[in-house]
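Working notes, beginning with the structure itself.
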Amino acid sequence: MSVVVRPAAAPHAAFNTAFLPLIDGLQEAVWLVDAKTHCVVAVNTASQQLFGLPAKDLIGSGIESLASTPEDALFWMDAAIGRRESLHTDTMMRHADGRVLWISRRISHVAQPQGDGLWMIAMRDQTQQRQHDEERETLLAELRATLESTADGILVTDLAGRIRSFNQRLASLWGIPEDLLNDRNDEAVQAWMRRSVVDGPAYAVRLGAIQESPLLHTSDNLKLIDGRVLERVSLPQWSRGRPIGRVYSFRDLSEKLAAHQRIEELSHNDMLTGLPNRRALMERVDYAQAMARRETTPFALLNVDLDRFKQINDTLGHAYGDRVLKEVALRLKESLREVDTVARLDGDEFALLIHQADARGAEHAARRVQEAMSRPFCFDTLSFTVTCSTGIALFPGDGASAEELLASAERAMHWVKESGRSAFRFHQPRKDVDLLSRMRLDHAMRQALQEHEFRLHFQPQLSVETGELVGAEALIRWRDPLRGDVPPSEFIPVAEESGFIVAIGQWVLQQAVAQAAAWLKQGLRVPVAVNVSALQFQQTQFVESVAQALRAYDLPPSLLELELTESVLLRDAEEALHRMQALSELGVLMSIDDFGTGYSSLGYLKRFPIQRLKVDRSFVKGLPGDASDAGIVNAIVQMGRALNLKVIAEGVETEAQRDFLARCGCHEYQGFLCAPALETRAFEERAAQITERADAARAAREQAGRELAAQAPRGARASVHLLRGA
């Protein structure tokens with residue numbers, strides 16, 4: 001390669017060609033510029049390659065057209081007035097294809113024997129290096145931005161523990177003054193961090209152990225003096241396959257730990273009262289069991305349920321109800337020892353765990369609870385009393401687990417509720433009740449309804465005076481393929497407890513109405529009485545279900561009688577009255593079953609649209625010899641008559657019982673004296689016999705009346721006629 005030189009004009013005659021081999025051997029791009037004319041007089045091959053211009057396009061060109069930055073213009077202006085100072089700078093120049101090149105440039109004056117000499121411009125392409133630098137700076141900036149954007153405090157050290165990098169989050173977490181970090185004052189920074197933790201010596205020992213193990217991965221928590229907790233994670237920093245330092249990340253766990261603690265509190269504590277909840281109670285009972293087994297000491301678990309708390313919510317509102325619950329929680333805590341536990345199970349139900357307590361200790365605790373609850377509750381201008389029912393279970397006699405103990409205490413509490421409330425009672429194991437067998441019986445009942453194993457029997461109801469058939473009571477019967485005949489006294493209580501009594505009651509209603517309608521079509525007009533449970537009666541769709549059954553079988557409503565228990569009247573008298581009025585508007589008859597065994601109010605009886613009272617068989621059984629039963633039955637009959645109600649007695653088995661009822665004025669009866677509950681065909685046959693016998697008795701009475709009238713004197717005969725007419 002050789003430098004291409006255009007034949008110079010006269011002003012260039014002084015150019016010394018001795019420079020040509022020198023510049024052509026250089027790797028840098030070189031221009032030689034005439035110092036007087038500022039025109040390029042020679043270029044080397046590297047120059048042509050750098051700018052993509054052939055020598056012919058460069059030689060003879062003015063330097064101002066090739067390098068036209070403000071810096072160049074100033075330099076060549078100074079050169080034109082004779083200044084010969086060198087210039088070493090970076091600048092930008094364009095390639096022939098328009099690309100911008102970053103050029104590292106040196107301009108030096110070369111004196112010659114004649115003339116003003118030459119300017120030698122040596123240029124090196126820095127474009128690629130500049131791009132690499134920019135990319136590296138961009139990457140570093142992005143890394144720095146990432147470092148600052150993270151929520152963790154980051155500290156990077158070398159293997160000796162000297163600080164190499166950090167972010168502002170680190171300074172914020174530790175409260176480190178910025179000048180300590182910017183000055184890379186390692187000892188001062190570490191001293192600051194050591195003073196900030198609760199256990200500074202332990203922190204220093206742990207940090208030293210980490211630094212002595214370059215490959216160690218660690219994670220631990222640091223508790224600061226201000227109460228915060230920082231998580232520290234330490235990882236080795238690698239470069240080209242070897243460790244070069246360590247990266248520490250610090251994260252504030254204070255909020256997370258506080259939230260976790262709050263979640264734990266909520267999972268173990270009642271939000272309203274702050275008491276332990278059911279879950280916490282179960283854990284404490286499990287612990288109490290372990291301690292009791294080890295120390296062979298008993299303990300007690302009490303179930304406390306507020307009496308009629310629903311009335312407070314319904315009358316005063318839930319805000320007052322919540323205030324009552326908080327006050328109850330406070331009173332229960334005050335009535336126990338520090339070592340004992342009060343927990344809120346649900347709603348108005350509480351539990352008390354009494355440690356190291358036998359039956360006497362449990363009784364003392366229950367009495368303290370009753371005493372605490374006996375004090376009036378006073379809120380604003382209101383003052384009222386809230387009582388509670390308490391069930392007591394003892395470990396280990398009443399249960400081997402927390403769930404069994406709580407279930408035993410709850411059963412005892414329910415026995416208190418059934419016995420009148422506002423008292424306490426110990427759990428009494430009922431060996432005759434097998435819970436597993438009750439579950440199996442409940443399942444078998446549900447299967448029996450699907451498999452059509454239930455059937456209805458009908459017991460005749462007769463007039464005491466005439467012996468005529470006045471109605472029939474529909475009674476459910478069940479013959480199980482495995483158990484045989486299952487008496488209603490066995491499966492009805494289970495059905496009531498499980499709620500299945502609603503489905504059974506609906507089936508009985510449908511079948512009874514269907515049978516009464518079938519008898520009516522056969523010419524046998526028999527009112528049918530159906531027992532209705534309290535739970536079935538409380539269903540919102542009960543009245544409509546009765547109406548639908550009547551419509552479905554086209555049965556006159558007067559041929560259906562619903563027997564309601566006294567418990568229906570006790571639950572919600574106003575709602576019961578509203579529902580009974582709706583049934584009365586349908587034309588359905590209603591009676592109170594098992595009258596005298598409950599707590600019916602005479603005021604309610606007067607308001608309710610009922611037609612009959614049924615005397616319970618327990619009062620009929622002792623007639624006529626038992627004076628108490630005789631007095632009760634006579635009182636019920638007289639009360640019924642005073643209220644214009646029919647009175648029917650059930651369980652009549654002897655002539656003496658029927659005769660006593662006749663003397664009392666009882667209207668009707670049913671029982672084995674006439675017939676037990678019969679299948680449909682047998683009932684029809686028995687009804688025919690009853691009707692035949694009643695007709696014969698009536699004919700005999702009429703004949704006796706005629707004979708009596710014929711034998712009497714004329715005046716007396718007139719009196720007999722008058723009496724018969726009356």
Check your understanding: So, the side chain of Gln657 versus the backbone of Thr654: is there a donor-acceptor pair under 3.5 Å, distance only?
Key -> yes
Practice item. Report yes if some heavy atom in the side chain of Leu306 is under 4.5 Å from a heavy atom in the side chain of Met373; otherwise report no. Key: yes
**Study point:** Under 3.5 Å donor-acceptor, Asp616 side chain and Phe619 backbone
**Key:** no
Check your understanding: Just by distance, do the side chain of Gln611 and the backbone of Met590 share a donor-acceptor pair under 3.5 Å?
Key -> yes
Check your understanding: Would Glu451 and Arg446 satisfy salt bridge (charged side-chain N to carboxylate O under 4.0 Å, His left out), going step by step from the backbone distance to the final call?
Key -> CA-CA 9 Å; Glu451 300 297 331; Arg446 298 173 190 273; over 6 Å; no
Side-chain atoms of residues 519-528: list all donor-acceptor pairs with protein atoms under 3.5 Å, sequence neighbours left out, distances to 0.1 Å.
unit_1 : atom_1 : unit_2 : atom_2 : d
Trp519 : NE1    : Glu684 : OE2    : 2.8

Exercise for review: In sequence, state the C-alpha distance, the side-chain angles, and the governing distance for Arg698 and Glu468, and then conclude on side-chain contact (heavy atoms from CB on, under 4.5 Å).
Suggested key: CA-CA 10 Å; Arg698 183 172 58 254; Glu468 295 178 347; 2.9 Å; yes
Exercise for review: Answer whether the closest heavy-atom distance between the side chains of Pro556 and Leu559 falls below 4.5 Å.
Suggested key: yes
Practice item. Taking Ser545 for its side chain and Phe542 for its backbone only, find out whether a donor-acceptor pair lies under 3.5 Å. Key: yes
Point to revise | Shortest non-hydrogen separation from Ala582 to Val543 and the atoms involved | key: CB-CG1, 4.0 Å
Practice item. With the side chain counted from C-beta on, respond yes when His667 and Ser463 share a heavy-atom pair under 4.5 Å apart, and no when they do not. Key: no
Review point. Side chain of Arg421, backbone of Val416: donor and acceptor closer than 3.5 Å?
Key: no
Point to revise | Residue Arg681 excluded, over 12 heavy atoms near CZ under 6.0 Å | key: no
**Study point:** Side chains of Glu349 and Asn303 in contact at under 4.5 Å (non-hydrogen atoms)
**Key:** yes
Check your understanding: Side chain of Gln539, backbone of Leu535: donor and acceptor closer than 3.5 Å?
Key -> yes
Study note, to complete from the structure: Nearest heavy-atom approach of Gln289 to Ala400 is NE2-O, 3.2 Å
Exercise for review: Indicate yes or no: does Asp442 engage Arg438 in a salt bridge with an N to O separation below 4.0 Å.
Suggested key: no
Review point. Can you name the closest pair of heavy atoms from Phe683 and Phe458 and give their distance?
Key: CD1-O, 3.4 Å
**Study point:** Heavy-atom pair of closest approach, residues Gln510 and Ala549
**Key:** NE2-CB, 4.0 Å
Check your understanding: Between the side chains of Gln670 and Lys614, is a donor N or O closer than 3.5 angstrom to an acceptor N or O?
Key -> yes
Practice item. Could you tell me whether a side-chain N or O of Ser408 sits under 3.5 Å from a main-chain N or O of Glu404, the two making a donor and an acceptor? Key: yes
Practice item. Take Leu301 and Leu352, measure what side-chain contact (heavy atoms from CB on, under 4.5 Å) needs, and give me the verdict at the end. Key: CA-CA 6 Å; Leu301 187 64; Leu352 282 61; over 6 Å; no
Practice item. For the pair Glu453 and Arg479, find out whether any cationic side-chain nitrogen is under 4.0 Å from an anionic carboxylate oxygen. Key: no
Exercise for review: Can you see which heavy atom on Cys666 is nearest to which on Ala649, and at what distance?
Suggested key: SG-N, 4.0 Å
Review point. With a 4.5 Å limit on heavy-atom distance, are the side chains of Arg367 and Phe424 in contact?
Key: yes
Check your understanding: So, the side chain of Arg579 versus the backbone of Thr540: is there a donor-acceptor pair under 3.5 Å, distance only?
Key -> no
Exercise for review: Flag the pair Tyr669 / Glu650 as yes when at least one side-chain heavy-atom distance between them is below 4.5 Å, and no otherwise.
Suggested key: no
**Study point:** Glu403 bridged to Arg278 by N-O distance under 4.0 Å
**Key:** no
Practice item. Give the intermediate values and the outcome of side chain to side chain donor-acceptor pair (under 3.5 Å) for residues Gln703 and Arg706. Key: CA-CA 5 Å; Gln703 178 62 31; Arg706 286 193 294 270; 2.6 Å; yes
**Study point:** Asp346 CG: over 12 foreign heavy atoms closer than 6.0 Å
**Key:** no
Review point. Where the side chain of Arg658 meets the backbone of Leu661, is there a donor-acceptor pair that is under 3.5 Å apart?
Key: no
Check your understanding: Looking at CG of Leu302 and CG of Leu394, how far apart are the two atoms once the value is rounded to the nearest 0.5 Å?
Key -> 8.5 Å
Practice item. To the nearest 0.5 angstrom, please state how far the CD1 atom of Ile504 sits from the CG atom of Leu509. Key: 13.5 Å
Exercise for review: With side-chain contact (heavy atoms from CB on, under 4.5 Å) as the test, would you mind laying out the steps for Glu679 and Leu456 before giving the verdict?
Suggested key: CA-CA 7 Å; Glu679 294 184 351; Leu456 285 187; over 6 Å; no
Review point. Can you check side-chain contact (heavy atoms from CB on, under 4.5 Å) on Leu345 and Leu406, steps first, answer last?
Key: CA-CA 10 Å; Leu345 301 179; Leu406 188 59; 3.9 Å; yes
Review point. If you draw a 6.0 Å radius around CD in Glu544, do more than 12 non-hydrogen atoms from other residues or ligands fall strictly inside?
Key: yes
Check your understanding: Would a 4.5 Å heavy-atom cut-off, applied to side chains only, mark Glu561 and Glu473 as touching?
Key -> no
Practice item. Starting at CG of Asn531, measure out to CD1 of Ile476 and round the result to the nearest 0.5 Å. Key: 10.5 Å
Check your understanding: Quick one: CD on Glu585 to CE on Met580, what's the gap to the nearest 0.5 Å?
Key -> 13.0 Å
**Study point:** Side-chain (Gln459) to main-chain (Ala472) donor-acceptor, under 3.5 angstrom
**Key:** no
Point to revise | NZ/NE/NH1/NH2 to OD/OE distance under 4.0 Å, Arg455 and Asp485 | key: yes
Study note, to complete from the structure: Taken to the nearest 0.5 Å, the spacing of Asp659 CG from Cys664 SG works out to 11.0 Å
Check your understanding: Where is the tightest heavy-atom contact between Ile690 and Pro460, given as atom of each residue plus distance?
Key -> CD1-CB, 3.9 Å
**Study point:** Test log, rule side chain to side chain donor-acceptor pair (under 3.5 Å), inputs Thr387 and Asp307
**Key:** CA-CA 6 Å; Thr387 61; Asp307 297 330; 2.8 Å; yes
Practice item. State plainly whether the residues Asp305 and Lys417 are in salt-bridge range, i.e. N to O under 4.0 Å. Key: yes
Check your understanding: Looking at Glu653 and Lys621, does any basic side-chain N land under 4.0 Å from a carboxylate oxygen?
Key -> no
Review point. Taking C-beta and beyond as the side chain, do Leu462 and Val470 meet within less than 4.5 Å on heavy atoms?
Key: no
Review point. Does the side chain of Gln638 pick up a donor-acceptor pair with the side chain of Arg641 at under 3.5 Å?
Key: no
Point to revise | Atom pair CH2 (Trp415) and OG (Ser389), whose distance is rounded to the nearest 0.5 Å | key: 14.0 Å
